[in-house]
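Remember, predicted model here, so these are calculated numbers, not experimental data.
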Amino acid sequence: MGGLQAAWSIMSMVTLTPFFAFLFSIVFMASIGKSFGVRRLYVNLLVKIFEFGRQNIESVRKQQFANITQSDPEDEDAPSGDNPSPDAADTGDGTGSAKTNGTLPNGGSHRYMNGRDTASHIANGGNTVISRAESLILSPEMIDDTRSKSAEPQEEGAGGTRDQGEEGDEETKSDGSEGGGGEHEAAGFKLSNCLDYVKSGMEAIIEDQVTSRFLAEELKNWNLLTRTNRQYEFISWRLTVIWMIGFLIRYFILMPMRVLICFIGVVYCVIGFAFVGMIPTYRLRRAMNDIVFKHTFRMITRSISGVVRFHHPEYKPKNCGFCVANHTTPIDIAILSTDCTYSLIGQRHGGFLGVLQRALARASPHIWFERAEAKDRILVAKRLKEHVTDPKNPPILIFPEGTCINNTSVMQFKKGSFEVGGVIYPVAIKYDPRFGDAFWNSSRYSMMQYLFLMMTSWAIVCDVWYLPPMERQEGESAIDFANRVKRVIADQGGLVDLVWDGQLKRSKPKKEWKEKQQEKFSKLLKGE
């Protein structure tokens with residue numbers, strides 16, 4: 001027994017002592033905002049591994065496709081790319097006319113290889129599966145009708161439009177110009193008037209602009225994670241070996257260290273802010289709050305191997321203003337708080353987030369509310385006005401979208417924070433999805449499940465742009481000001497600027513939106 005105890009002591013000294021020394025160095029460097037540069041080297045190595053995987057997958061796919069082409073006898077009867085059939089639609093360059101042969105007239109390339117759509121990787125990213133004309137997109141805002149006006153049709157003609165519209169564009173157009181009769185022609189009515197709405201409806205069924213923003217952003221290349229699995233881990237023995245090594249590193253080396261660092265950060269937060277809250281002097285309490293605040297979120301960011309690049313620090317938010325940013329994940333707060341101290345405003349949470357919220361509220365003025373309570377909304381507006389009038393208060397960090405979006409777009413900004421007044425400091429955040437999906441799908445994952453996914457990802461890499469401060473112009477409404485700020489953030493972050501409300505994630509569209517579209521269509525038919 002004595003020999004076993006001595007061997008265990010020696011093993012502990014050899015393994016645990018260096019481990020805890022390394023862990024302490026990570027925590028210490030994170031708290032002071034410094035780095036040895038290991039994470040950046042790690043990220044660069046991952047890029048090279050992903051590129052090797054992409055090349056490996058492409059070579060295997062080409063070989064499989066060549067084998068299928070040689071063994072498939074039906075390929076001899078199919079039209080080749082050099083000699084297309086006259087009855088087929090030319091979708092290679094988007095210039096061919098669409099036929100009623102099942103080909104989607106989306107104006108872009110839509111080719112398949114080995115039974116898999118080569119364009120499927122852009123399903124819910126910045127690009128889309130289908131190509132829409134801007135004039136055909138139905139939005140909650142009234143869009144000026146720039147098309148030619150037509151006279152009021154008869155009820156039978158309108159009914160005929162709906163029936164004929166299902167048979168294809170060319171057949172419908174011919175019916176509208178010849179089969180519709182001289183009466184319709186004289187009135188200027190065309191059966192194609194409703195086809196824009198039919199087309200928009202079909203596009204919404206295939207892929208609408210809203211629901212795809214609440215799904216994980218799909219990748220162009222596989223990042224060796226089975227959560228973005230396309231069954232590539234067994235496509236070749238090289239990728240299988242790399243994937244297995246990566247699995248062992250992520251789950252048995254990185255995750256335990258990350259959990260420990262996060263635990264240390266949370267304990268430091270709870271204890272540190274408890275002591276800060278007991279300091280009687282405001283100036284000293286404010287200075288200590290700045291230190292503990294940044295230390296806490298730097299450790300939490302380091303626990304997910306966060307690599308953050310800040311741009312334009314000269315526009316960093318100042319006191320008694322509003323820092324407005326797009327929202328992808330609760331980690332947005334940790335990312336931004338590594339560089340600046342904020343007062344936070346948001347919905348009151350329970351669980352892990354609730355622990356952090358209660359700890360933060362002990363030392364500095366934060367605003368937590370229940371979204372469903374009308375009294376809370378009134379109190380929040382009052383607290384915001386009081387906060388911006390005191391020049392000693394830190395800037396308030398606000399995410400006007402009110403929910404997490406998948407980092408491909410920016411959705412409608414709530415006007416509340418833009419009505420209060422004060423200076424707005426826009427901030428654009430863009431995550432690199434190759435290393436890990438930062439988007440929190442709250443309808444699918446709890447906070448603990450989401451943290452587990454973050455701890456087992458490769459890393460969280462993002463860019464943060466501080467933008468020039470903005471103020472509400474004279475005569476400008478709060479909604480117009482919010483849209484102007486949103487547009488600036490979307491342009492800088494390379495995000496899609498959408499007019500839709502992010503709360504459509506949980507609720508149905510408003511009745512008024514439907515009525516606006518019905519009114520617009522009735523005016524089109526009446527020729528008004």
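Nearest heavy-atom pair across Thr456 and Met255 is CG2-SD, 3.4 Å. Shortest non-hydrogen contact noted between Val423 and Pro469 is CG1-CB, 3.6 Å. Closest approach of Thr296 and Gly265 over heavy atoms only: CG2-O, 4.0 Å.
Put simply, the side chain of Gln492 never gets that close to the backbone of Ala428: no donor and acceptor are under 3.5 Å apart. A donor-acceptor distance shorter than 3.5 angstrom exists from the side chain of Trp458 to the backbone of Asn223, with no hydrogens or angles considered. With hydrogens and angles ignored, the 3.5 Å screen pairs no side-chain donor or acceptor of Ser337 with any backbone N or O of Ala334. Lys316 contributes no side-chain N or O that, together with a main-chain N or O of Tyr466, makes up a donor-acceptor pair within less than 3.5 Å. Distance alone, capped at 3.5 Å, is enough to place a donor-acceptor pair between the Trp440 side chain and the Tyr445 backbone. The closest donor-acceptor contact from the side chain of Arg238 to the backbone of Asn56 lies at 3.5 Å or more, if one exists at all. In terms of modelled atom types and a separation under 3.5 Å, the side chain of Asn441 and the main chain of Leu215 share no donor-acceptor contact. With Gln449 contributing its side chain and Ser446 its backbone, the two residues share a donor-acceptor pair below 3.5 Å. Judged by distance alone, the side chain of Ser303 and the main-chain N or O of Ile300 form a donor-acceptor pair under 3.5 Å. In this structure a side-chain-to-backbone donor-acceptor pair under 3.5 Å is missing from Arg213 to Ile405.
In this structure, the side chains of Val464 and His311 stay at 4.5 Å or more apart for every pair of heavy atoms. Considering only heavy atoms from C-beta on, Trp368 comes within 4.5 Å of Leu344 through its side chain. You'll find the side chain of Gln412 stays beyond 4.5 Å of the side chain of Val499, heavy atoms only. Side-chain contact check for Asn326 versus Phe399: every heavy-atom pair is 4.5 Å or farther apart. With contacts defined as side-chain heavy-atom distances shorter than 4.5 Å, the pair Leu239/Ile57 qualifies. Here the side chains of Pro394 and Tyr342 are not in contact, with every heavy-atom distance at 4.5 Å or above. Within the 4.5 Å cutoff, the side chain of Val496 has no heavy atoms near those of the Val410 side chain.
Seen from the ring of Trp222, Arg54 does not count as a face-on cation partner, given the 6.0 Å and 45° thresholds.
Enclosure of atom OH in Tyr315 is not indicated, since only 12 or fewer non-hydrogen atoms of other residues, nucleotides or ligands lie within 6.0 angstrom. More than 12 heavy-atom neighbours from other residues, nucleotides or ligands sit within 6.0 angstrom of CZ on Arg309. Taking a 6.0 Å sphere around OH of Tyr251, one finds it holds more than 12 heavy atoms contributed by other residues, nucleotides or ligands. Residue Gln55 qualifies as enclosed at atom CD: its count of foreign heavy atoms under 6.0 Å is above 12.
Interatomic distance, OG1 of Thr328 versus CD1 of Ile335, reported as 10.5 Å (0.5 Å rounding). Separation of atoms OG1 (Thr301) and CE (Met299) is listed at 10.5 Å; rounding is to 0.5 Å. Considering CG of Asn406 and CG of Leu495, their distance stands at 9.5 Å, rounded to 0.5 Å. The line from CD1 of Ile424 to OG of Ser417 is 5.5 Å long, rounded to the nearest 0.5 Å. Between the SG atom in Cys323 and the CG atom in Leu336 there is a gap of 6.0 Å [rounded to 0.5 Å].
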Please assess Thr329 against Tyr450 for the test side-chain hydrogen bond (donor to acceptor under 3.5 Å, both in side chains), listing each intermediate value before the final yes or no.
-> CA-CA 10 Å; Thr329 165; Tyr450 173 74; 2.5 Å; yes
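Here the rule is side-chain contact (heavy atoms from CB on, under 4.5 Å) with Phe481, and of Lys486, Met470, Lys415 only Met470 fits it.
Below 30°, between 30° and 60°, or above 60°: for Phe293 and Phe273 the angle between ring planes is above 60°, a perpendicular geometry. Note on ring orientation: taking the six-membered ring where Trp is involved, the planes of Phe247 and Trp243 are tilted (angle from 30° to 60°).
The pair Asp501-Lys414 counts as a salt bridge, with a side-chain nitrogen and a carboxylate oxygen less than 4.0 angstrom apart.
In the model, His295 has a side-chain atom that pairs as donor or acceptor with a side-chain atom of Tyr268 under 3.5 Å. In this model, no donor atom of one side chain and acceptor atom of the other lie less than 3.5 Å apart for Asp463 and Tyr431.
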